[in-house]
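Everything on this sheet refers to the single structure shown next.
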There are 2 protein chains.
Amino acid sequence: MNPEGILLNIQKHVSLNEEEKAHLDTLFAIESFAKQHTILEQGRLCRKLFYVEKGSLRAFNGNQYGKESTIMFAIKDWWITDMYAFTNQTKALLSIETLEHCLLRSISFDVLEHLLLTMPKMERLFRILFQKAYVREQLRVLDNISLSTEERYLQFLSKYPQIAKKVTQKQIASYLGVTPEFLSSVKRK
Amino acid sequence: MNPEGILLNIQKHVSLNEEEKAHLDTLFAIESFAKQHTILEQGRLCRKLFYVEKGSLRAFNGNQYGKESTIMFAIKDWWITDMYAFTNQTKALLSIETLEHCLLRSISFDVLEHLLLTMPKMERLFRILFQKAYVREQLRVLDNISLSTEERYLQFLSKYPQIAKKVTQKQIASYLGVTPEFLSSVKRK
DNA sequence: AGGGTTTCTTAAACTATCTTAATCGTTCGT
DNA sequence: ACGAACGATTAAGATAGTTTAAGAAACCCT
């Protein structure tokens, strides 16, 4: 068992005994993907929730004209899926692609549902994770409706410096909701 | 016990026996507020989570120039607080005001923490609620970064028709992140 | 290392949105 | 019922952001 990975991270929120650790370790499959691989494609059923042990990914929505909007990036120790489609087990609104070689742990919807019903500690874990995720998204909404593009760009850099190092300007622009050309002109100043 | 209120709503997500219902009923205080009352003021400590039994509210952030950005509205059966400040027990980023006379149920941070630790069903309840809230905010972020003001306005009307009836244009504009003047010109078309 | 591909930058013309200010209608307190 | 405050609308001029296009720079791939 890798003491640097998912189990250690889970224990930041709930305590686990050896038996529980062993059990959880069997439930999260190990998956390895090459750079630029699409692990979820918009329109397909979203069956899995992923935890990032290594690498980085991007979740985005593409509209009918080919414009992409980046909903989130994920790096080491983040969870990622199309949570809307995963929760409702419907067609994905998002595509998720690896930005580099990735080592992920995955759990299917059914296995997770069963785990939540049988292990209260996991309800607690995900309650905490979703609570934090909700707060994070709400703060992002506030940024989106109250700040200028320049302010949002600087906020992104200071909030996620590790991500900023790994992704392109174009991807940052699509996360901020502006064109790459305009982001470039904002930076020029 | 009011069978139309919070207990009935909780039971949409988890089952409760009579004893549990009675217990929960004692934990959520009943609070009544007049129209236009500020139940949380930006900068103050955020101590309570509220459930709306009756009435409607608005949570917003005001910047140093007096510009307000509406983060959320809440009507019957919604939960509301400044979740960032509540979670971290720090100064509120948001103010919350009643838009009409309100009947609320409230629970303090400490009582809720204890409840979550002692009643696994409540961890499950809030896991489900936060998961839905996360998805909702993420979809709003997607709207914000990918849609035009007109599209976001129409989306708001169709998604929250009950809210649209109760709030002013100015408040809708501050929820969409545009000026009331511009929203007015968008509608004119 | 070279050729093709993608990203980044710049600029000009165009569109979306804001600011300010004036007018009008509605609400609220006394 | 009255005037004062507030909300909604309109319009003109200013700023923010997009589109298109082109060249320069960085990144692959073999």
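Fair warning: this is a prediction, and the values are worked out from it, not measured in the lab. Residue numbers start from 1 in every chain, and the chains themselves are labelled A, B, ... in the order their sequence lines are given, proteins ahead of strands.
Of the listed nucleotides (D:dT18, C:dT7, D:dG7), D:dT18 has the atom at the smallest distance from the side chain of A:V178. Nearest to the side-chain atoms of B:E181 among the listed nucleotides C:dC8, D:dA8, D:dT10 stands D:dT10.
The closest donor-acceptor contact from the side chain of A:S95 to the backbone of A:Q42 lies under 3.5 Å.
Note on B:K35: a side-chain N or O is less than 4.0 Å away from OP1 or OP2 of C:dC28. The shortest distance between the side-chain N/O atoms of A:T168 and the OP1/OP2 oxygens of C:dT7 is not below 4.0 Å. A sub-4.0 Å separation between OP1 or OP2 of D:dT10 and a side-chain N or O of B:R188 is present. Dashed line: the shortest gap from a side-chain N or O of B:T149 to OP1 or OP2 of C:dT17 is under 4.0 Å. In terms of phosphate contacts, B:T179 brings no side-chain nitrogen or oxygen within less than 4.0 Å of OP1 or OP2 of C:dT17.
Contact annotation for B:K67: no contact, since no heavy-atom pair falls under 4.0 Å across all strands. Using a 4.0 Å heavy-atom distance criterion, A:S148 is classed as making no nucleic acid contact.
Summarising the geometry, the separation between CG on B:L99 and P on D:dG7 is reported as 12 Å, rounded to the nearest angstrom. The nearest whole Å value for the distance from the CG atom in B:L183 to the P atom in C:dT17 is 11 Å. At whole-Å resolution of the value, OH in A:Y65 and C1' in D:dT20 are 18 Å apart. If you take CZ of B:R152 and C1' of C:dA16, they are 11 Å apart, rounded to a whole angstrom. Protein atom CG of B:L147 is 15 Å distant from nucleotide atom P of C:dA16, rounded to whole Å. B:Q36 places its CD atom 16 Å from the P atom of D:dA5, with the value rounded to the nearest Å. If you measure from atom CZ of A:F182 to atom P of C:dT7, you get 21 Å, rounded to the nearest angstrom. What separates CG of A:L176 from C1' of D:dG17 is a distance of 13 Å, to the nearest Å.
For the pair B:S185 and A:Q169, both in contact range of DNA chain C, the more 5′-proximal nearest nucleotide belongs to A:Q169.
To the nearest 0.5 angstrom, B:E97 atom CD is 11.5 Å from B:L40 atom CG.
Taking the ring centre of B:Y175 as origin, the terminal cationic atom of B:R58 falls outside the region bounded by 6.0 Å and 45° from the ring axis.
Residues B:E31 and B:S106 bring a donor and an acceptor atom of their side chains to less than 3.5 Å of each other.
Nearest heavy-atom pair, B:I145 versus A:K67, reported as atom, atom and distance to 0.1 Å: O-NZ, 3.8 Å.
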